[in-house]
Amino acid sequence: MKLKLFMLMVCCIQIQGSKTMKHHACIKKHRNSFLWKLKREPPVYFFGTIHVPYTRVWDYIPTNTRRAFDESDNVYFELDLTDVTTGMALSRCKRLPVGSEIKQLLPPDLYLRLKRHLNYVRRAMPSWVTSEQMKKGLTASLMYNEIAGGWERKRPIWIMLMINALTKPDIRSRGVPVLDVHLARQAGVMGKHVGAIETVEEQCEPFNGLNITQALFALNHTLLVQERIRRGSLKIPYSSDDLVNKYNCGDLSSLLFGKDTSQLPTLSNSDQSSDDDVSNDVTNDDVIMDNAMASEIDDYLKEELIFRRNKRMATRVKDLIRRRKDESLFFAFGAETGFRDNQIHSTSQ
Ligand SMILES: *[C@@H]1O[C@H](CO)[C@@H](O)[C@H](O)[C@H]1NC(C)=O
Ligand SMILES: *[C@@H]1O[C@H](CO)[C@@H](O)[C@H](O)[C@H]1NC(C)=O
């Protein structure tokens, strides 16, 4: 989350990354780490994590960051990732009120497109699964059921996020814990006190605050993007490779101030790609209208997921620093912008 990091730049000292085995791939010799230190004895650290399989970034995490983690008595994450009730609370938050189903909420043609897309995904998924996933017993049907099970009872905005998680790159990255989950497990094994500073509801409910027009717009748009990918008229718009590279090279400025600041990347990406999309089922007028609606949704989510959330988190962090004044603290929060549904899903892996 951008502002979180921005505040850290003001309050704390950013630590230079010490050498790791792998950093020859980066352009600059001296990398910044995603570690900040608040001068206090015992120290308080802030570490910016990323929601990708930890194996993609682990070797690049500088030794001084690892040492800070090892030496801290208390580790705090956004959510309690080791608690089973976290997953339950999330499913509850995603569900429609009792008695309603998605079929009643969607225009018939949108519902039909959704079903058609899910059928396609189910048929295509076995060819997406990697041999490593197979070795772990992670089959296409297991993953499909974990992500899409009970979709008829989910809120439209969560169906939209689910569609984004049911894509080839996202499916192929499952089965290895994301960095925060890995750290939470390590902290548990090392007998540290592990805590959370947010609740699932606080992270989830802003999405439910979008109204039905906005949610259907986002779902329609996401389906349009996926339908074009299916037809081959659009390249897969989201790839985490770029993000991982920037993270591994300690490229903070482009993570913080880069152009990809949208909370819903697929909404804007779909418009930019219209050049090579000859099938033009979207007229220019639609695109203009779409942009207005997309940026309205984006503004709302930025306000809720970044600004409001930052203030709330900052208050709790300050409180903890004061209350645990004789203990070392390590806060591990997401450094990447945007939100993907698989963030919390991956806790069960
Ligand atoms: C949804 O919110 C937008 C923006 O606030 C508003 O223009 C629109 O009328 C709302 N739609 C419904 C159905 O409430
Ligand atoms: C989906 O979006 C397209 C393009 O903006 C629009 O023409 C169509 O009417 C939308 N469908 C629904 C069900 O909202």
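D326 places no side-chain N or O within 3.5 Å of a backbone atom of E41 that could act as its donor or acceptor partner. Here the side chain of R172 pairs a donor or acceptor atom with the backbone of W128 at under 3.5 angstrom. When atom types are taken as modelled, the side chain of K136 and the backbone of G175 share a donor-acceptor pair closer than 3.5 angstrom. Checked by atom type and distance alone, the side chain of Y247 pairs as donor or acceptor with a backbone atom of G48 at under 3.5 Å. Of the possible donor and acceptor atoms, one in the side chain of T86 sits under 3.5 Å from a partner among the backbone N and O of D80. For the pair S91 (side chain) and G87 (backbone), a donor-acceptor distance under 3.5 Å is present. T65 places no side-chain N or O within 3.5 Å of a backbone atom of I61 that could act as its donor or acceptor partner. Checked by atom type and distance alone, the side chain of E304 never pairs as donor or acceptor with a backbone atom of L301 at under 3.5 Å. A donor-acceptor pair under 3.5 Å is formed between the side chain of E202 and the backbone N or O of T199. Checked by atom type and distance alone, the side chain of T139 pairs as donor or acceptor with a backbone atom of L142 at under 3.5 Å.
Looking at E78 and R309, a side-chain N of the basic residue comes within less than 4.0 Å of a carboxylate O on the acidic one, giving a salt bridge.
Note on L79: it does not cluster hydrophobically with M88, by side-chain heavy-atom contacts below 4.5 Å among ILVMFWY residues. L112 and V225 fall into different hydrophobic clusters, where Ile, Leu, Val, Met, Phe, Trp and Tyr residues are linked whenever their side-chain heavy atoms come under 4.5 Å apart, directly or through other members. I147 is connected to M134 through a chain of hydrophobic side-chain contacts under 4.5 Å among Ile, Leu, Val, Met, Phe, Trp and Tyr, so both are in one cluster. Linking ILVMFWY side-chain heavy atoms closer than 4.5 Å, directly or via other members, places L243 and W58 in a single hydrophobic cluster.
Contact annotation: the side chain of L329 never approaches that of S72 to less than 4.5 Å [non-hydrogen atoms, C-beta and beyond]. Between Q133 and R174 the shortest side-chain heavy-atom distance falls below 4.5 Å. Side-chain contact between F69 and K192 is present, with at least one heavy-atom pair separated by less than 4.5 Å. In this structure, the side chains of L96 and K154 stay at 4.5 Å or more apart for every pair of heavy atoms. In this structure the side chain of R56 never reaches within 4.5 angstrom of the side chain of I50, judged on heavy atoms. Proximity of L106 to L216: side-chain heavy atoms (C-beta onward) are separated by under 4.5 Å at one or more points. Between N74 and V194, every side-chain heavy-atom pair lies at or beyond the 4.5 Å cut-off. Considering only heavy atoms from C-beta on, L114 stays 4.5 Å or farther from L110 through its side chain.
The distance from the OH atom of Y300 to the CG atom of L210 is 5.5 Å, given to the nearest 0.5 Å. Within the model, atoms CG of L118 and CG of L223 stand 8.0 Å from one another, a figure rounded to the nearest 0.5 Å. For the atom pair CG (L161) and CZ (R155), the distance works out to 13.0 Å, reported to the nearest 0.5 Å. Put simply, CG on L183 and CE on M190 are 10.0 Å apart, with the number rounded to the nearest 0.5 Å. Separating the OH atom in Y76 from the CZ atom in R324 is a distance of 3.5 Å, to the nearest 0.5 Å. If you take CD on E198 and CD on Q203, they are separated by 4.5 Å, rounding to the nearest 0.5 Å.
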Apply side chain to side chain contact (heavy atoms under 4.5 Å, CB included) to the pair I171 and M125, showing each step before the final yes or no. CA-CA 8 Å; I171 291 297; M125 260 178 74; 3.9 Å; yes
Under the salt bridge (charged side-chain N to carboxylate O under 4.0 Å, His left out) criterion, do D319 and R323 qualify, and how do the steps go? CA-CA 6 Å; D319 192 47; R323 272 193 289 138; 3.3 Å; yes
Applying side chain to side chain contact (heavy atoms under 4.5 Å, CB included) to I159 and I102, what does each step give before you reach the verdict? CA-CA 9 Å; I159 295 209; I102 191 69; 3.7 Å; yes
Walk me through it: do D180 and H51 pass the test side chain to side chain donor-acceptor pair (under 3.5 Å)? CA-CA 7 Å; D180 335 36; H51 295 287; 3.3 Å; yes
Can you list the steps and then say if R113 with D109 is a salt bridge (charged side-chain N to carboxylate O under 4.0 Å, His left out)? CA-CA 6 Å; R113 280 167 54 211; D109 60 325; 5.1 Å; no
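In this structure, W158 has its ring center under 6.0 Å from that of F207. Taking the six-membered ring for Trp and the full ring otherwise, the centers of F34 and F47 sit at least 6.0 Å from each other.
Residue N119 is tested with H117, K115, R122 for a side chain to side chain donor-acceptor pair (under 3.5 Å); the sole match is R122.
Using the six-membered ring where Trp is involved, Y45 and F330 have ring planes that are tilted, between 30° and 60° apart. Relative orientation of the F333 and F331 rings is tilted, given thresholds of 30° and 60° on the angle between their planes.
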